[in-house]
Amino acid sequence: MKVSKFFWIGLVFLVGLILFAVFGPSFKHPYSDIVANPHQPASLEYWCGTDEQGRDVFARLAMGARYSLLIGLTVQIISLSIGVFMAILAVYAHRIIGQVVMRFTDAMFAFPDLLFAFLIIGVWEGSNDDGVLPVIVALSLSAWPSTTRLVRSLLVSLRDQEFIVATRALGASTAYIVLRHAIPQMIPLLLTDSIIDLVRTIMAESTLNFLGIGIKAPEPSWGNMINNGRQDMNSHPMQLFWPCFILSSTIFALSFVGDGLRNILDPRNRVTYNKK
Amino acid sequence: MQLVRAITSRLMYAAVSLFFVSVVTFMADSIRPGGAEYALAGEKATKETIERVRKLLGKDQKWYVRYVKYIKNAARLNFGNSYYGIKEPVFDIVKRNIPMTARLAFWAVLLSSCIGITLGVIAAVYQLRTADKLILFFSTFGTTIPSFVLAPILTAVFCTNLNLLPINWEVYRDLPDFYYLVLPVSIMSLGPSARLTRNTRSLMIDVLHQEFIRFAVAKGVPRWKVIIRHGLRNAIMPIITQIGMMLGGLLSGSFVIESYFTLPGIGKEAVESIKRGDTPVLITITLVGATIFVVSNLIVDILLPILDPRIREAQV
C-alpha cells in the first residue's frame with residue numbers, strides 16, 4: 001500500500017487551513033473593521049494587503065475559510081444523515097415504504113445539479129440574516145439523494161452476505177444488524193465519498209456566493225471576494241488572486257486527500273487472506 | 001416486445017419525475033413566507049388590500065384546486081406575471097432569454113464531446129505514457145478549477161492584455177457571434193470535457209484490453225482503424241449517456257457564465273430574479289430547466305437500446 005506524496009501535501013494544507021480558519025479572523029486585525037486605506041499592497045502589517053474598503057484581506061480570507069469549512073461540514077453531516085436514513089428505510093422498511101422512498105430519491109435527480117438549491121434560496125425570504133442558513137439548507141437538501149443511492153446499493157449488497165445472514169439467524173434485530181454490522185462496514189467508503197462531496201459542496205457554496213445569492217455582503221466569503229476582486233482586477237490583480245488561490249488550493253487539497261484516502265481504505269488495495 | 005416494455009418503463013419514470021418537479025415548484029410558490037400578495041401589494045398594504053390581492057391570485061382556494069389550475073395554466077404556457085417592472089408575462093421573459101442559453105449549451109455540448117472523446121481515446125491508447133499523464137493532468141485541472149476562477153483569468157489574458165475578444169456582450173454588439181461566444185463556451189465546456197475525458201479513457205482501456213482487439217491487430221487492420229472501428233464503437237454507449245446528462249450541469253454552469261459575461265440567457269435571468277425576489281420567474285426557469293433535463297435524459301435512454309442490441313437484450 002503506497003500513500004502518494006500528494007495526500008500528505010493535501011493533508012498538511014488542510015490542517016493549515018483549519019488553523020487559519022480558527023485563528024486568522026482576529027489574528028492581526030479584525031476582519032470586519034476598516035483598518036487602513038483601501039487597496040494597500042501586501043506588507044508586514046497587512047499580509048495580503050487591504051481590500052476596496054480598507055479591510056484586512058488576510059483576516060477576511062480566514063473568515064471566508066471559516067464559513068466555507070463550517071458550511072461544508074454542516075451540509076455534509078446533514079446530507080449524510082438524511083441519505084443514510086433514507087437508504088435504511090429503502091432497504092429495511094416495509095416494501096411499499098421502500099418503493100416510495102426510492103421513487104422519491106429518483107425524482108430528486110430530475111433537478112440537474114444546483115437548480116434545486118437555487119430554487120430554495122430564491123424562495124427563502126429571511127433576507128435579514130447573514131444568509132448562512134439558506135445556503136446550508138439548500139445544499140443539504142440537494143446533496144442527499146446521491147448519498148442515498150450509494151448507501152442503498154451498499155446495503156443491498158451487504159444484505160445477502162453470509163455474516164449478515166448468520167447474525168440474522170442468531171436472532172438479531174434489524175436495527176442491531178444495521179447499526180452494529182452494516183454501517184461499520186460502510187464507514188470507509190462513506191468517508192471517502194463525503195470528502196469528494198465536500199469538494200462539491202465548497203464549490204457550490206462559492207458559486208452561490210460569487211453570484212451574490214449566498215452569504216450576505218458585509219460578511220466575507222471566498223466567492224464574494226472573487227466577485228469584488230474581479231471588478232478592479234486590472235488595477236489591483238492581487239485582490240482577485242488571493243481568494244482564487246485559496247479556493248483552488250483548498251479544492252485541490254481536498255481532492256488529493258480524497259484520492260489518497262480511497263487508495264488507503266479501498267478493500268481492493270488491502271491484502272486479502274481468503275483469496276482462492 | 002421487450003423494447004416496448006423498456007421504453008414504457010422509461011416513459012413512466014420520466015412522467016413521475018415531471019410530476020414531482022411540478023409539485024415542488026408549485027409548493028415553492030405557496031411556501032414562500034409573505035409570498036406573492038406582499039410583493040404585489042407592497043409592504044405597507046392594509047389587511048384588506050392583501051386579502052383582495054390573495055383573492056385576485058386565487059390564493060384563498062384549496063391547495064388541490066390551485067394545483068390543478070397551476071398545471072392547466074402551465075400546459076397553456078401561462079406561468080403568471082413577473083412581480084416587478086412592467087409585470088411582463090413570465091413565459092415571454094423565458095422565451096426571450098432561452099435562445100442564448102440554448103446556443104451556449106449547444107456549442108458547449110459539441111465542444112466538450114469532441115474534446116472529451118478525442119483526449120480520452122488518446123489517453124487510453126497511450127496509457128501510462130507522457131500523453132496520458134498530460135491529459136490526466138488536464139482533466140484533474142478541469143474538474144477542480146471553478147469556472148468563476150477561470151473566467152477572470154482568461155478575460156484578463158484575452159480581453160484586456162491581448163485585446164483579442166470583447167469583454168461585454170452588450171457593449172460590443174456589432175461583432176460576429178463567434179467573438180463573444182468563444183470564451184464563455186470554452187469555460188463552460190472545461191468541466192464537462194474533463195469528466196468525459198476521464199470516463200472515455202477508462203471505458204476505452206477496458207475495451208482495448210479485450211481479445212477481439214488483439215485479434216483485429218493480428219489480422220492486420222491498421223492501428224487507428226482498430227481503435228476507432230472496433231474500440232470506440234464498443235465504448236460509445238456510456239459516453240452518449242454521459243453527454244445526455246451533461247445538459248444539466250451546463251444549465252447551472254450557465255448561471256455563472258451568463259452572469260459573468262452579461263449574456264442575456266435564462267441563467268442570468270434566474271440569478272437576477274433570485275436577487276429581486278421574483279419567485280414566478282425563478283419557478284418557471286426551474287420548471288423549464290428540469291423538464292429539459294428529464295426529457296433529454298429520456299431521449300438518450302430510449303435511443304440507447306435502439307442503437308445497441310446488447311443493451312436491448314440485457315434490459316428488462
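A, B, ... follow the sequence lines: proteins, then strands. Residue 1 opens every chain.
Per-residue counts of heavy-atom pairs under 4.5 Å with chain B were compared for A:Phe109, A:Phe252, A:Phe210; the largest is that of A:Phe210. Of the listed residues (A:Leu254, A:Leu240, A:Ile251, A:Leu119), the greatest number of heavy-atom pairs within a distance under 4.5 Å of chain B belongs to A:Leu119. Highest contact tally toward chain B, considering only A:Thr207, A:Asn227, A:Ile226, is held by A:Thr207 [criterion: heavy-atom pairs under 4.5 Å]. With chain A as the partner, the residue from B:Ile285, B:Val256, B:Val294 showing the most heavy-atom pairs under 4.5 Å is B:Val256. No other option in B:Thr143, B:Val21, B:Ile292 has as many heavy-atom pairs under 4.5 Å with chain A as B:Val21.
In this structure, CE in A:Met203 is found 8.0 Å from CD1 in B:Ile145, a value given to the nearest 0.5 Å. Distance check: A:Met108 CE to B:Ser17 OG gives 11.5 Å after rounding to the nearest 0.5 Å. Atom-to-atom distance recorded for B:Ser273:OG and A:Phe118:CZ is 10.5 Å, nearest 0.5 angstrom. Separating the OG1 atom in B:Thr286 from the CZ atom in A:Phe116 is a distance of 9.5 Å, to the nearest 0.5 Å. In this structure, the separation between CZ on A:Phe104 and CZ on B:Phe20 is 4.5 Å, given to the nearest 0.5 Å. Within the model, atoms CG of B:Leu287 and CZ of A:Phe111 stand 8.5 Å from one another, a figure rounded to the nearest 0.5 Å.
When all heavy atoms of B:Val149 and A:Ser248 are compared, the closest pair comes out as CG1-OG, 3.9 Å.
Contact of B:Leu251 with chain A is made through the side chain alone, with heavy-atom distances under 4.5 Å. For A:Leu247, the part sitting under 4.5 Å from any heavy atom of chain B is the side chain, from C-beta outward, and nothing else. Using a 4.5 Å cut-off between heavy atoms, B:Phe293 contacts chain A through its side chain alone, with no backbone atom that close. Heavy-atom distances place the side chain of B:Tyr13, and not its backbone, under 4.5 Å from chain A. Using a 4.5 Å cut-off between heavy atoms, B:Leu18 does not touch chain A at all. With a 4.5 Å cut-off on non-hydrogen atoms, B:Thr291 does not touch chain A at all.
No more than 12 heavy-atom neighbours from other residues, nucleotides or ligands sit within 6.0 angstrom of CZ on A:Phe6. Shown here is B:Phe138, whose CZ atom has more than 12 heavy atoms of other residues, nucleotides or ligands within 6.0 Å. Atom CE of A:Met238 has more than 12 heavy atoms from other residues, nucleotides or ligands within 6.0 Å. Residue-environment remark: CZ (A:Phe85) stays at or below the threshold of 12 foreign heavy atoms within 6.0 Å.
Results of the side chain to side chain contact (heavy atoms under 4.5 Å, CB included) test with B:Ile274 over A:Ile121, A:Leu208, A:Leu211 single out A:Ile121 as the only residue that passes.
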